[in-house]
Amino acid sequence: MPRIAIAWFRRDLRVQDHPALTAAVEEADVVVPVFVLDDRLLALHDGAPNRRWFMRESLVALRDELAARGAALRILRGDSRSVVPALVRETHADAVYVTRDVSGTGRHRDHAVAERLARDGVELHAKRGQYVHEPDELVTGDGAPYRVFTPYARAWLARPRRSPLAAPSRIPGPAEARPDDVPDLGPPTADPALMPDPGEPAARERLHTWVDGGLATYHETRNRLDRQGTSRLSQDLRFGLLSATEVVHAADRPGPGPEAFIRELAWRDFYAQVLWHQLDATTSPFRPAARAMRWRDDREALEAWRDGRTGYPVVDAAMRQLHATGFVPNRARMIVASFLAKDLLIDPRLGEAEFMRHLTDGDPASNDGGWQWSAGTGTDPQPFVRVFNPVLQGTRFDPDGDYVRRWVPELRAIEGAAVHEPWTLQEDVHRATGYPGRIVDHAAARERALAAFAEAGLDRREDDRGRRD
DNA sequence: TATATGTTCGG
DNA sequence: CGAACATAT
């Protein structure tokens, strides 16, 4: 009897550096690749049309990569906990190979599937592959998970990395099998022309363009909003079109640019690790002090923030870029997050949800980690309350105002950095632009935020370290 | 991966 | 006088 393995794809839509796929090919005679479209998961985050579209197109590319190597991708619909075991029975498979998933939903799903398969004597092989270092691989001296990034990064960098695996040259699928159709899952809400090309080959081309181009000066340009100073690989890591290991391997060159870039991948692993250990998941155990925080219930302000009409140009530019493209560079994410949580004193979880609806790279661990860093509710040990000054951030990272003019067309007639402070224009000039006035005064809002954070105890960091209640 | 404010110092 | 630096929050 030939050994039959199922290669179950999820957030790893690639064939290169895919430990689970490689193991399946090595250990079985026949490999059945499968992807499950789970309607329940697809409905999350209001359907997240940008991610759904990008994923669907990337699945088409994966189907083609697999077909070129001899295997036909099966597309199943339904609950993985029943359709995967059903496929195992149908194909008489002996084993199922997956890339280990650490997110809450994925973890529970895999646990349930593994249990069901075990009853039929079939093992679920969960291989590494989503991170450079898996969430349970790095622990502090006393065996506890890291809460602070700097020591985590030190350990992360010191740990030897595995080498990327080549794509299997041949993947022996069942004889005469044909790939299933990949159903249309609907258009994105962003403009596809402004989104990165989906699929592993396009992602790899982006990676090579990046390491031969912007990477060398990444440390200088990463925060610049008026040019592409970042890699634009986030959605590729989100869907596993590239493995983080491959990205680090390609970027591992001497110099401050590569060093700063690789450190960002350590942040990705760090936040995955935080979520894995449930240290500060936004939705469940908020920091005790954060639970005491009295966020303002201000629907109008929330909508102004969401729609990019706060009257602060760099904030509005970023929110409009988010909706138009499904992407915002990290600096702009921090600016709008600070504005919502500090200037508007609105619950950052509402902002987090808005990001998850639109970001093509939306990932619970990284998104939550970033929001909590900005909101000051996470593990980050800064002893002060960070309040970004939107004018200062704008003039520093968009010094000529090009970013604002690109995304806020009302302000296109205003030249130079003056575009960051339209309220200083002559009143009739400002009014003629049609651009809204400020919904809050930053200086006053800053004082209000400092007072509110102090009242909740969020300006002190030592009290809740390691305590859970 | 911060801001605001005060101080110092060179042009 | 503004840039650069130091320091408190």
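Any value given below was found using the heavy atoms of this structure, including those in side chains, with hydrogens, waters and symmetry copies removed. Residue numbers start from 1 in every chain, and the chains themselves are labelled A, B, ... in the order their sequence lines are given, proteins ahead of strands.
A salt bridge links A:Arg333 to A:Asp361: one of the charged nitrogens lies within less than 4.0 Å of a carboxylate oxygen. For A:Arg294 and A:Asp347, the salt-bridge test fails: no basic side-chain N is under 4.0 Å from an acidic carboxylate O.
Within 4.0 Å of A:Arg263, counting heavy atoms only, lies no atom of the nucleic acid at all. Within the nucleic acid shown, A:Glu264 comes within 4.0 Å of at least one base atom, counting heavy atoms only. Within 4.0 Å (heavy atoms only), A:Arg446 reaches sugar-phosphate atoms of the nucleic acid but no base atom.
The separation between A:Gln382 atom CD and B:dA2 atom C1' is 8 Å, rounded to whole Å. The separation between A:Arg396 atom CZ and C:dA4 atom P is 13 Å, rounded to whole Å. Separating the CG atom of A:Leu392 from the P atom of B:dA2 is a distance of 11 Å, rounded to the nearest angstrom. In this structure, A:His442 atom NE2 and B:dT3 atom P are separated by 8 Å, rounded to whole Å. In this structure, A:Asp343 places its CG atom 11 Å from P of B:dT3, rounding to the nearest Å. A:Ile335 has its CD1 atom 9 Å from the P atom of B:dT3, to the nearest Å. Whole-Å rounding puts the A:Glu447 CD to B:dT3 P distance at 14 Å. For the pair A:Asp459 CG and C:dA8 C1', the computed distance is 13 Å after rounding to whole Å.
Stacking between A:Phe384 and C:dA8 is absent: the ring centroid is not both under 5.5 Å from the six-membered base ring centre and under 30° in plane angle.
Put simply, A:Asn389 has no side-chain N or O that comes within less than 4.0 Å of OP1 or OP2 on B:dA2. The side chain of A:Arg386 contributes no N or O atom lying less than 4.0 Å from OP1 or OP2 of C:dT9. The side chain of A:Gln393 places an N or O atom within less than 4.0 Å of a non-bridging phosphate oxygen (OP1 or OP2) of B:dT3.
Here the options are A:Arg227, A:Arg224, A:Gln321, A:His420, the test is side chain to side chain donor-acceptor pair (under 3.5 Å), and the partner is A:Tyr403; only A:Gln321 passes.
Atom CH2 of residue A:Trp373 and atom CZ of residue A:Phe149 lie 12.0 Å apart, to the nearest 0.5 angstrom. Remark: A:Arg10 CZ to A:Thr99 OG1 distance equals 7.0 Å, nearest 0.5 Å.
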